[in-house]
Amino acid sequence: MRIIFMGTPDFAVPTLNALVEAGHDIVAAYSQPPRPGGRRGKALTPSPVHARAAELGIDVRTPLSFRRDADAVAALAALDADVAVVAAYGLILPQSVLEAPRHGCLNVHASLLPRWRGAAPIQRAILAGDIETGVGIMQMEAGLDTGPVRLEGRTHTDGKTAGELTAELAAMGAGLMVRVLADLTAYPPLAQPDTGVTYAAKIDKSETRIDFAQPGDAVRRQVLAFNPPGAWIAFAGERIRILDAELLGDYTGGEPGMVQDDDLTIACGDGAIRPVAVQRAGRGVMTRRELLRGFPIPAGTQL
């Protein structure tokens, strides 16, 4: 098939690789424009999809918008593609783009639709305590992730971090997309149910600070959902990221957010947590005890 690929982050790269390995003709790759990167934030850095497509010798295009750029829409239509494959692209596609390829646009969406339509389905599924999540191949339409689904895969969350789930669902979605494209008629689009619709709002930075007023299990889900880069606490003018934590569900007593002992047990609204892996700014990942040896956080500290 002649395919237009549209994606930006690491999540999309396995699908691009799978399409190439399956022998499809990727006529162009669309991605978000390069952004400032590096420590000083000055050099422009291409997205993971942009970098991988360039390695593969694929023409890369980075329009700022389709809605306000008729030339970009015309250039896409001129590619005469059979289908556009979309994975976490990050731009809204107007109807003119959705209809340009012969078979429309197929999206790799990391949730079990209609649950968690929107920008951050993986993090929202973890935060909500969903036991199961998944990925679907959706025929795109103008609404926000409202299109019919051709094929989906499922997996248990099982205490996985957002990073681990992202990698798993990216690989799963790549395989599903190859299956669908091998025989579109075998996987007809099925309308999403009218019930069970939820929206996965974009993550606000304020959400990544740990809220110890929550029950301990919710605090641990916050740790998992925001790794990477990690949920955080503040102490002595520093942000310390907590990358993993054990739940002490039978712990009683203690004001939420207060360090209870010299082993960094932190009381929650119900129960307590104890960090397992942490990271100070500019340092590598370390264990809780490695942190405390050089950076003690005494009992009685309110975090």
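- When side chains are defined from C-beta on, Val49 does not count as touching Tyr89, because their heavy atoms never get closer than 4.5 Å.
- Asp262 has its side chain out of reach of Pro298: every pair of non-hydrogen atoms, C-beta onward, lies at least 4.5 Å apart.
- Ile3 has its side chain within reach of Leu181: a pair of non-hydrogen atoms, C-beta onward, lies under 4.5 Å apart.
- Looking at Thr166, its side chain does come within 3.5 Å of a backbone N or O of Ala162 through a donor-acceptor pair.
- Side-chain N/O atoms of Thr155 and Glu132 include no donor and acceptor closer than 3.5 Å.
- A salt bridge does not link Arg2 to Asp82: none of the charged nitrogens lies less than 4.0 Å from a carboxylate oxygen.
- Considering every non-hydrogen atom in both Pro63 and Leu91, the closest pair reads O-CD1, 3.5 Å.
- Here the side chain of Asp211 pairs a donor or acceptor atom with the backbone of Ala213 at under 3.5 angstrom.
- Taking CD1 of Ile233 as the reference point, atom CD of Gln302 lies at 11.5 Å (rounded to 0.5 Å).
- The minimum heavy-atom distance between Gly104 and Val83, with the atom names listed, is O-CG2, 3.3 Å.
- For the atom pair Ile137 CD1 and Leu106 CG, the distance stands at 7.5 Å (nearest 0.5 Å).
- Cluster annotation: Tyr251 and Ile273 are assigned to distinct hydrophobic clusters (Ile/Leu/Val/Met/Phe/Trp/Tyr, side-chain heavy-atom contacts under 4.5 Å, transitive).
- The shortest heavy-atom contact between Ser96 and Val73 is OG-CG1, 3.5 Å.
- In this structure, Arg154 pairs ionically with Glu152, as a charged nitrogen and a carboxylate oxygen lie closer than 4.0 Å.
- Side-chain atoms of His109 never come within 3.5 Å of backbone atoms of Gly136 as a donor-acceptor pair (strictly under, hydrogens ignored).
- Here the side chain of Glu99 pairs no donor or acceptor atom with the backbone of Val97 at under 3.5 angstrom.
- Taking hydrophobic clusters as Ile, Leu, Val, Met, Phe, Trp and Tyr residues chained together by side-chain heavy-atom distances below 4.5 Å, Met140 does not share a cluster with Trp116.
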Exercise for the section: Dump the intermediate steps for side chain to side chain contact (heavy atoms under 4.5 Å, CB included) on Val108 and Phe11, then the final yes or no. Expected result: CA-CA 10 Å; Val108 182; Phe11 174 82; 4.0 Å; yes
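- Using a cutoff of 4.0 Å between basic side-chain nitrogens and carboxylate oxygens, Arg61 and Asp59 are scored as salt-bridged.
- Using a 4.5 Å cut-off on side-chain heavy atoms (C-beta onward), Asn17 and Leu56 make contact.
- When all heavy atoms of Ala87 and Pro9 are compared, the closest pair comes out as O-CD, 4.4 Å.
- Side-chain N/O atoms of Gln214 and Arg221 include no donor and acceptor closer than 3.5 Å.
- Separating the CD1 atom in Ile210 from the CZ atom in Arg220 is a distance of 12.0 Å, to the nearest 0.5 Å.
- What you find for Gln222 and Thr208 is that their closest heavy atoms are NE2-C, 4.3 Å.
- Grouping the Ile, Leu, Val, Met, Phe, Trp and Tyr side chains by contacts below 4.5 angstrom, directly or via other members, places Leu113 apart from Leu169.
- A salt bridge links Asp130 with Arg115: the closest approach of a Lys/Arg side-chain nitrogen to an acidic carboxylate oxygen falls below 4.0 angstrom.
- Counting only heavy atoms from C-beta outward, the side chains of Asp244 and Ile242 never approach each other to under 4.5 Å.
- Going from atom CG of Asp80 over to atom CZ of Arg102 covers 4.0 Å, rounded to the nearest 0.5 Å.
- Salt bridge absent: Arg283 and Glu238 never bring a charged side-chain N and a carboxylate O closer than 4.0 Å.
- Ser65 places a side-chain N or O within donor-acceptor distance of the main-chain N or O of Arg67, the cut-off being under 3.5 Å.
- With Asn107 contributing its side chain and Val86 its backbone, the two residues share a donor-acceptor pair below 3.5 Å.
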Exercise for the section: Apply side-chain hydrogen bond (donor to acceptor under 3.5 Å, both in side chains) to the pair Ser47 and Ser31, showing each step before the final yes or no. Expected result: CA-CA 7 Å; Ser47 75; Ser31 192; 2.5 Å; yes
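- A donor-acceptor pair is defined here as one N or O able to donate and one able to accept, closer than 3.5 Å; no such pair exists between the side chain of Thr157 and the backbone of Lys160.
- By the 30° and 60° cut-offs, the orientation of the rings of Phe295 relative to Phe235 is perpendicular.
- Leu19 and Val135 fall within a single hydrophobic cluster, where Ile, Leu, Val, Met, Phe, Trp and Tyr are joined by side-chain heavy atoms under 4.5 Å apart, directly or via other members.
- A donor-acceptor pair shorter than 3.5 Å can be found between the side chains of Thr146 and Glu141.
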Practice task
Apply the test side chain to side chain contact (heavy atoms under 4.5 Å, CB included) to residues Asp217 and Val219: give CA-CA distance (whole Å), side-chain angles for both, the deciding distance (0.1 Å), then the verdict.
Solution key: CA-CA 5 Å; Asp217 57 351; Val219 171; over 6 Å; no
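- Scanning all heavy atoms of the two residues, the minimum distance from Phe212 to Ala267 falls at CB-O, 3.8 Å.
- The backbone N or O of Gly90 sits nowhere less than 3.5 Å from a side-chain atom of Thr8 that would complete a donor-acceptor pair.
- Side-chain N/O atoms of Thr265 and Asp261 include a donor and acceptor closer than 3.5 Å.
- Within the 4.5 Å cutoff, the side chain of Arg289 has heavy atoms near those of the Asp263 side chain.
- Crowding of Leu44 atom CG: a count of heavy atoms from other residues, nucleotides or ligands under 6.0 Å exceeding 12.
- Here the side chains of Leu243 and Gln279 are in contact, with some heavy-atom distance below 4.5 Å.
- For the pair Glu255 (side chain) and Cys268 (backbone), a donor-acceptor distance under 3.5 Å is absent.
- Annotation: side chain of Arg288 is not in contact with side chain of Leu291 (no heavy-atom distance under 4.5 Å).
- By the neighbour-count criterion of 12 heavy atoms within 6.0 Å, atom CG of Asp204 is densely surrounded, having more than that number from other residues, nucleotides or ligands.
- Other residues, nucleotides and ligands contribute over 12 non-hydrogen atoms within 6.0 Å of the CG atom of Leu144.
- Taking the ring centre of Trp232 as origin, the terminal cationic atom of Arg239 falls inside the region bounded by 6.0 Å and 45° from the ring axis.
- Atoms CD and NZ, from Glu207 and Lys202 in turn, are 11.5 Å apart once rounded to the nearest 0.5 Å.
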Exercise for the section: Could you go through the side chain to side chain contact (heavy atoms under 4.5 Å, CB included) check for Leu264 and Ile297 one step at a time? Expected result: CA-CA 7 Å; Leu264 202 54; Ile297 303 177; 4.1 Å; yes
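- Here the CD1 atom belonging to Ile58 is positioned 9.0 Å from the CZ atom belonging to Phe5, to the nearest 0.5 angstrom.
- Leu224 and Phe226 fall into different hydrophobic clusters, where Ile, Leu, Val, Met, Phe, Trp and Tyr are joined by side-chain heavy atoms under 4.5 Å apart, directly or via other members.
- Of the candidates Arg117, Gln192, Arg150, Gln192 is the only one forming a side chain to side chain contact (heavy atoms under 4.5 Å, CB included) with Met138.
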Problem - Met258/Thr301 under side chain to side chain contact (heavy atoms under 4.5 Å, CB included): CA gap, chis, key distance, verdict - result: CA-CA 6 Å; Met258 183 170 286; Thr301 298; over 6 Å; no
